[in-house]
Amino acid sequence: ETGVTQTPRHLVMGMTNKKSLKCEQHLGHNAMYWYKQSAKKPLELMFVYSLEERVENNSVPSRFSPECPNSSHLFLHLHTLQPEDSALYLCASSQGQGSSYNSPLHFGNGTRLTVT
Amino acid sequence: AQKITQTQPGMFVQEKEAVTLDCTYDTSDPSYGLFWYKQPSSGEMIFLIYQGSYDQQNATEGRYSLNFQKARKSANLVISASQLGDSAMYFCAMREGRKQTGANNLFFGTGTRLTVIP
């Protein structure tokens with residue numbers, strides 16, 4: 001198993017659909033993250049979970065709803081998205097508390113989301 | 001202000017040559033970590049190398065080394081003996097040590113696209 005696995009790899013959805021992105025980490029880490037990567041923009045942190053508790057929510061619209069049922073799994077529930085939400089969504093995990101500045105993040109392959 | 005600045009949108013290097021990718025950062029926190037990631041076309045962000053603000057020596061990992069100049073706030077990545085598989089986007093990132101809003105954030109630059117020419 002690779003360290004951080006994301007499914008699906010690609011997702012096309014209409015603006016009225018509801019879908020979920022899944023992330024699973026096999027590294028024994030206790031912090032997990034969602035990032036959004038849009039063309040020609042730096043990666044944007046969306047959510048951070050540390051020990052299954054949400055510790056950061058970077059003013060993300062409510063149409064994105066994260067869920068972290070345990071330290072190995074992270075979901076991003078999507079509903080009534082807009083075309084500008086089309087992007088690559090990356091999940092990551094790290095060791096230690098979410099604020100340890102020397103802990104590298106380990107990323108998954110990402111989900112390429114297209115909203116039509 | 002930008003936390004991380006990468007001024008080279010694209011770079012070309014001949015196979016087997018060395019290349020330097022530039023990164024400057026901005027922070028007033030004495031404790032911070034600097035990271036470089038590689039992103040191939042597949043999308044995965046691959047962690048390459050880490051440098052801590054208190055580290056006395058420049059970090060090295062195989063063909064990757066980090067030229068850390070603290071006074072200049074620069075953390076350039078040097079790739080030696082370039083290979084075709086090194087062609088990818090490269091991102092510099094920083095994490096600050098202060099426990100405050102954003103302390104969990106890994107700030108990324110806009111990246112440099114490296115192309116290795118056979």
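These numbers come from the heavy atoms of this one structure, side chains and all, not from hydrogens, waters or symmetry mates. Naming: A, B, ... by sequence-line order, numbering from 1 per chain. No experiment lies behind these values; they were computed from the predicted model shown.
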### Query
Which answer fits B/Tyr50, side chain, backbone, both or neither, if we ask what part of it has an atom under 4.5 Å from a heavy atom of chain A?
side chain

#### Entry: B/Gln39 versus chain A, the contacting section by heavy-atom distance below 4.5 Å
side chain

Out of curiosity, does [Y] fall in the hydrophobic cluster containing [X] (side-chain heavy atoms, cut-off under 4.5 Å, transitive links)?
{"X": "A/Leu21", "Y": "A/Met15", "value": "yes"}
{"X": "A/Phe107", "Y": "A/Leu88", "value": "yes"}
{"X": "B/Tyr90", "Y": "B/Ile117", "value": "no"}
{"X": "B/Val78", "Y": "B/Leu114", "value": "no"}
{"X": "A/Phe75", "Y": "A/Tyr89", "value": "no"}

### Message
Take a 6.0 Å sphere around NZ of A/Lys19 and say whether it holds more than 12 heavy atoms from other residues, nucleotides or ligands.
### Response
no

### Message
More than 12 heavy atoms of other residues, nucleotides or ligands under 6.0 Å from CD of B/Gln57: yes or no?
### Response
no

### A/Gln37 CD to B/Met89 CE distance, which is reported to the nearest 0.5 Å
7.5 Å

### Summary
Looking only at heavy atoms, the pair that brings B/Ser42 and A/Arg9 closest together is O-NH2, 2.9 Å

### Query
Where is the tightest heavy-atom contact between B/Phe108 and A/Leu43, given as atom of each residue plus distance?
CD1-CB, 3.8 Å

Is a side-chain N or O of [X] found less than 3.5 angstrom from the main chain of [Y], in a donor-acceptor match?
{"X": "B/Tyr37", "Y": "A/Leu105", "result": "yes"}
{"X": "B/Arg95", "Y": "A/Ser103", "result": "yes"}
{"X": "A/Tyr35", "Y": "B/Leu106", "result": "yes"}

### Message
Working note: A/Lys41 + B/Thr110, criterion side-chain contact (heavy atoms from CB on, under 4.5 Å); need CA distance, chi angles, decisive distance, verdict.
### Response
CA-CA 6 Å; A/Lys41 291 175 68 175; B/Thr110 50; over 6 Å; no

